[in-house]
Asks: 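Before I ask anything, here is the structure I am working with.
Everything numeric here is computed off the predicted structure, so don't read it as measured data.
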Protein chains: 2
Amino acid sequence: MASPSRRQQASNGRRPLPFDPIAEAFRQWTTNDWGEEEAMAATTSIMRAQALILSRVDAALAPFGLTFARYEVLALLQLTRTGSLPLGKMGMRLMVHPASVTNAVDRLSDAGLVRRRPHPTDGRTTLAEITDAGRDVVTRATKELAAIRYGLDDLSDDDCRQITDIFEELRRGVDFTDTP
Amino acid sequence: MASPSRRQQASNGRRPLPFDPIAEAFRQWTTNDWGEEEAMAATTSIMRAQALILSRVDAALAPFGLTFARYEVLALLQLTRTGSLPLGKMGMRLMVHPASVTNAVDRLSDAGLVRRRPHPTDGRTTLAEITDAGRDVVTRATKELAAIRYGLDDLSDDDCRQITDIFEELRRGVDFTDTP
DNA sequence: AGAAAATAGTTGGACGTCCAAGTATCATGG
DNA sequence: CCATGATACTTGGACGTCCAACTATTTTCT
């Protein structure tokens, strides 16, 4: 029965402050001439937003025994014709280290949502194949994530598009190349 | 001499793909009617951007034996009148779990950049006080971070402000309240 | 005053991420 | 045809983050 195993919350006990600590840091940076306060505020905001959003998404996925990292693996497989992919390819598509894929597949495999298969022609390669249980879980989990707008309930679609666009710029050349 | 201890890179060996995997996921979500594809793309972008930016910042701080988490602690102390704060207050200001503060202060303390002090009147409280070495390091580290624009070299100040503004909305009510 | 409740930090465990090193297996080239 | 080099994956360790449980101290309140 896949143990939900509560994970981070990143917003728990801590009560909200009467002021925005990032806005305050911005002021300090400015008055002390530390430089690049816009970038500092943005980077700090991103770090904090990531933790907050991840905690929301993970909370929504916990009932399925999933985390966002595992969900991404499952979703990727679900969207593949054959329902299976080499671990290496998954790492590239998800933009994470190969070791992270190994880790996620290990856990999904333990939960019976995915199965490891040897590559038919290349002995080095391992395929991860989604199981029927995995397809069921990912379908339900996807509905749940859509219901909470992937943790971005507070933001409009316009806000989302702006974020995606700005970060696409940041990722360009690192994660992908325009026209090869 | 504070061991730099190389940390994550999040962009290493992995070669850039010939297409943006997030844009591709957006298409898949749309054609398969999985819903909320704007939010999905934004959340995925945030996760990835955070990892990428953190790797850049950490790489810049490694020569000082720092990570971004430890730098934030040091910077906060440096900006405080007395150069010292209760660990709990730091956790609130940095918006992280108390255990994370304990962890960071442990390491900074080992490096001689910070010192633990008992609170003069409250026996439960522990103060972290920045040392002279800590002040020196944080000053140099701050210049280094400004030089790389806190990992956001690719973005304009306008982009940074937009990010900060959008995430401020997200954090409102969680990290801080408008008018107490 | 004394008991119960709240607060502050620490410890140990779980996760995900990364890197470096190690093991297989495939591809190349002499 | 085998040696060298490239690939694919796994393992073990480091970090930061979180939570739950625990200890110590301070407040509150009966």
Asks: Tell me every residue that passes side chain to side chain donor-acceptor pair (under 3.5 Å) with B:Ser84, counting only those two or more places apart in sequence or in another chain.
Replies: B:Thr82
Asks: Between A:Arg27 and A:Glu24 (salt bridge meaning N to carboxylate O under 4.0 Å), is one present in this structure?
Replies: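 Looking at A:Glu24 together with A:Arg27, the answer is yes, because their closest N to O distance falls below 4.0 Å.
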Asks: Side-chain contact test, heavy atoms from C-beta onward, threshold under 4.5 Å: evaluate it for A:Ile53 versus B:Met47 and give yes or no.
Replies: yes
Asks: State which of C:dT17, C:dT11, C:dC15 makes the closest approach to the side chain of B:Asp106.
Replies: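 Selected nucleotide: C:dT11.
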Asks: Which parts of residues 114-128 of chain B get close to DNA chain D, meaning a heavy atom less than 4.0 angstrom away?
Replies: B:Thr121, B:Asp122, B:Gly123, B:Arg124
Asks: Whether A:Thr67 contacts C:dG16 is assessed here as follows: a side-chain N or O lying under 4.0 Å from the phosphate OP1 or OP2. Is that the case?
Replies: yes
Asks: So, the side chain of B:Thr31 versus the backbone of B:Gln28: is there a donor-acceptor pair under 3.5 Å, distance only?
Replies: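 Confirmed, B:Thr31 side chain pairs with B:Gln28 backbone.
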Asks: Whole Å only: how far is the CG atom of A:Asn103 from the C1' atom of D:dG13?
Replies: 14 Å
Asks: With a 4.0 Å cut-off on N to O distance, would you call B:Arg172 and B:Glu168 a salt bridge?
Replies: yes
Asks: Under a 4.0 Å N-O cut-off, is there an ion pair linking A:Arg149 with A:Asp157?
Replies: yes
Asks: Check every strand shown and say whether B:Ala99 touches a base, only sugar-phosphate, or nothing at a heavy-atom separation below 4.0 Å.
Replies: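 B:Ala99: base contact, heavy atoms under 4.0 Å.
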Asks: Under 4.0 Å between any heavy atoms, over every strand shown, what does A:Val96 touch: base, sugar-phosphate, or nothing? Just pick one.
Replies: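 Sugar-phosphate contact only - A:Val96 comes under 4.0 Å of backbone atoms but never of a base.
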Asks: Between B:Phe167 and A:Ile22, does the side-chain contact (heavy atoms from CB on, under 4.5 Å) criterion hold? Intermediate values first, please.
Replies: CA-CA 11 Å; B:Phe167 287 154; A:Ile22 294 182; over 6 Å; no
Asks: Can you check whether B:Arg70 has a side-chain N or O nearer than 4.0 Å to OP1 or OP2 of D:dG16?
Replies: yes
Asks: Tell me: OH of B:Tyr71 to P of D:dG16, nearest whole Å?
Replies: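 Distance check: B:Tyr71 OH to D:dG16 P gives 16 Å.
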Asks: Let me know the distance between NE2 of B:His97 and P of C:dT10, rounded to the nearest Å.
Replies: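 One finds 13 Å between P of C:dT10 and NE2 of B:His97, rounded.
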Asks: Expressed in angstrom and rounded to an integer, what is the separation of A:Arg93 atom CZ from D:dA8 atom P?
Replies: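 One finds 16 Å between P of D:dA8 and CZ of A:Arg93, rounded.
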Asks: Under 4.0 Å from OP1 or OP2 of C:dT11: is there any side-chain N or O of B:Thr102 that close?
Replies: no
Asks: Walk me through it: do A:Thr44 and B:Phe68 pass the test side-chain contact (heavy atoms from CB on, under 4.5 Å)?
Replies: CA-CA 10 Å; A:Thr44 306; B:Phe68 191 54; 4.3 Å; yes
Asks: CE of B:Met90 versus P of C:dT7: gap in Å, rounded?
Replies: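 Taking atom P of C:dT7 as the reference, CE of B:Met90 is at 21 Å.
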Asks: What is the distance, rounded to the nearest whole Å, between atom CD of B:Gln50 and atom C1' of D:dG16?
Replies: 10 Å
Asks: Write down the distance between CE (A:Met92) and P (D:dT7), rounded to a whole number of angstrom.
Replies: 11 Å
Asks: Rounding to an integer number of Å, can you tell me how far A:Asp58 CG sits from C:dA14 P?
Replies: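 Taking atom P of C:dA14 as the reference, CG of A:Asp58 is at 17 Å.
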Asks: Hey, is the main chain of B:Pro118 close enough, under 3.5 Å, to the side chain of B:Thr126 for a donor-acceptor pair?
Replies: no
Asks: Can you list, by residue number, the residues of residues 140-155 of chain A that have a non-hydrogen atom closer than 4.0 angstrom to DNA chain C?
Replies: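 By residue number: none to list.
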Asks: Can a salt bridge be assigned to the pair B:Arg56 and B:Asp154 using a cut-off of 4.0 Å between side-chain N and carboxylate O?
Replies: yes
Asks: Among C:dG16, C:dA20, D:dC15, which nucleotide has an atom closest to any side-chain atom of B:Arg107?
Replies: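 Between C:dG16, C:dA20, D:dC15, the one nearest the side chain of B:Arg107 would be D:dC15.
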